[in-house]
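These notes are about the structure you will find just below.
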2 protein chains.
Amino acid sequence: MTQAPAPDRGARSRDAILDTAAELMSRYGYAATSISMISAECGLPPSSIYWHFGSKDGIYVAVLERARIELLAALPPVEVPGADVAQRLDAFLAEVEDAFRRHPHGLKLLLGLGMVQQDASAAAVAEVHHYRDALVVWARDALSAVFGLDDRPEVADELARFTLRLASGTAVARWFEPGVVLETRPLRVALLALAAHHNAPARGSSGGGALSCGVADGEYGE
Amino acid sequence: MTQAPAPDRGARSRDAILDTAAELMSRYGYAATSISMISAECGLPPSSIYWHFGSKDGIYVAVLERARIELLAALPPVEVPGADVAQRLDAFLAEVEDAFRRHPHGLKLLLGLGMVQQDASAAAVAEVHHYRDALVVWARDALSAVFGLDDRPEVADELARFTLRLASGTAVARWFEPGVVLETRPLRVALLALAAHHNAPARGSSGGGALSCGVADGEYGE
DNA sequence: GTCTATAACCAGATAGAC
DNA sequence: GTCTATCTGGTTATAGAC
């Protein structure tokens, strides 16, 4: 009941602006989100928003930076626990699916800009690439750990690209139909088949050749 | 050398506006593309643009409609030729990859709006969904024909979703790095493994059980 | 740090001559 | 069908009191 001495009123306002901006920008995109909209939604006048962030680009950079930090914190650690490939993969996929469901902002922000490369401020472009690069590195390292691909970086890269592109595409689908989730069952089948196709060592699995798959390499092989 | 009697000057202007708008909107998104930009780029004054399309929404609808028609015309026909699954799948993937490479506008327009659902005009929303639905139907029918899934519509749906999401995600990646292509090799492995996982009949293939895959169903099965 | 008020500008859209 | 000129309203951003 202390009557709001509010030593940190500034920080709270800053967060409120950031929350509102993240919500609106991930819904309408950067260009279509105006300062007036943010102001009306969060209650603070435009001048306060400018006091905190300096410019519209500044808001965007701050929003994206926070989304990146939150998303990376929510993603599974690179060293997934599990004795064999199947266990690690299941743990990995469960956590990815969960992060995807609980952090709808992340990818939508990256997509919903409408200004990714051209005409944007250098800081905004840098943050966009920072965000994206962090995701790529995380995916490569995590999948490398899951499949034991320390000595096959190009395979880990392919699995990472595949996973991230499927996740991005699912984020696009969720844009059109809210409620769409990342389908981990087909992704699981696909990742196992891809690893087998490359004769991944499957270190820690029950057997060296266990991942080989007749379909991919045999009858229908390239 | 006929000195431009130009009986179809209107149609040519309309096309020029459409070309410019498609280029700009797929690059910057709908909201960030202004009438002035289109006017400056294509040479015609704003009033001419409004005479042809009535409103900014009208331009967007026309651009999207044309992109949809062009993309669908470029996609492989539903009935892919080929005696067995492998042949049909290869033909299918080759054409999809080609269409993806040669029609960079399509997906970027769908993504780069920043206004997909809310606040947009009813006509724009309808055209966006028309576009998307046409792609979904095409993918389901084509993959159903490739794998012989007439009696397994839910499997065809899953393969279609998988393929389209991977393609959408790749379109997003291409947004960041121009030159990115649709990787059909991993997609091929994944689709075969998914079909095998569902015990797809593989009608027209060399054998009924040929698609079964030890990895997906056996040791690591769910 | 937050507010009211407003400057400077550019957007989408229209009027009407030709 | 195309042009010049313009209206109205919203946009980013700032000034200055509190």
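Per chain, numbering begins at 1; letters A, B, ... match sequence-line order.
When the C1' atom of D/dT11 is taken as reference, atom CD1 of A/Ile35 falls 9 Å away, rounded to whole Å. With rounding to whole Å, A/Ile17 atom CD1 is found 12 Å from C/dG1 atom P. The nearest whole Å value for the distance from the OH atom in B/Tyr60 to the C1' atom in C/dG12 is 18 Å. Rounded to an integer number of Å, the gap from CE of B/Met37 to P of C/dA11 is 9 Å. Between the P atom of C/dA11 and the CG atom of B/Asp57 lies a distance of 17 Å, rounded to the nearest Å. In this entry the distance linking CH2 of B/Trp51 with P of C/dG16 reads 19 Å, nearest Å. Atom-to-atom, CZ of A/Phe53 to P of D/dA13 comes out at 14 Å; the value is rounded to the nearest Å.
For B/Pro45, counting side-chain heavy atoms from C-beta on, the closest listed nucleotide (D/dT4, C/dT2, C/dA11) is D/dT4. Side chain of B/Tyr50, nearest nucleotide from C/dA11, C/dA13, D/dC3: C/dA13. The side chain of B/Ser36 approaches C/dA11 more closely than any other nucleotide in the set D/dT12, D/dT2, C/dA11. Checking C/dA11, D/dT2, C/dT2 against every side-chain atom of A/Ser48, the shortest atom distance belongs to C/dT2.
For B/Tyr131 and B/Tyr60, the distance between ring centers is not under 6.0 angstrom. Within the 6.0 Å centre-distance limit, the rings of B/Trp138 and B/Phe92 are counted as a close aromatic pair.
For the pair B/Arg152 and B/Phe147, the cation-pi test (distance below 6.0 Å, angle within 45°) is failed. Relative to the ring axis of B/Tyr30, B/Lys56 places its NZ or CZ within 45° and under 6.0 Å from the centre.
Comment: A/Arg161 does not engage A/Asp157 in a salt bridge, judged by the lack of any side-chain N to carboxylate O separation of less than 4.0 angstrom.
Each of A/Lys56 and B/His52 was assigned the nucleotide of DNA chain D with the nearest heavy atom; the assignment lying further toward the 5' end belongs to B/His52.
Under 4.0 angstrom from either OP1 or OP2 of D/dT11 there lies at least one side-chain N or O belonging to A/Ser34.
At the heavy-atom level, A/Thr33 lies under 4.0 Å from the strands shown only through sugar-phosphate atoms. When heavy atoms are screened at a 4.0 angstrom cut-off, A/Ser47 is found touching base atoms of the nucleic acid.
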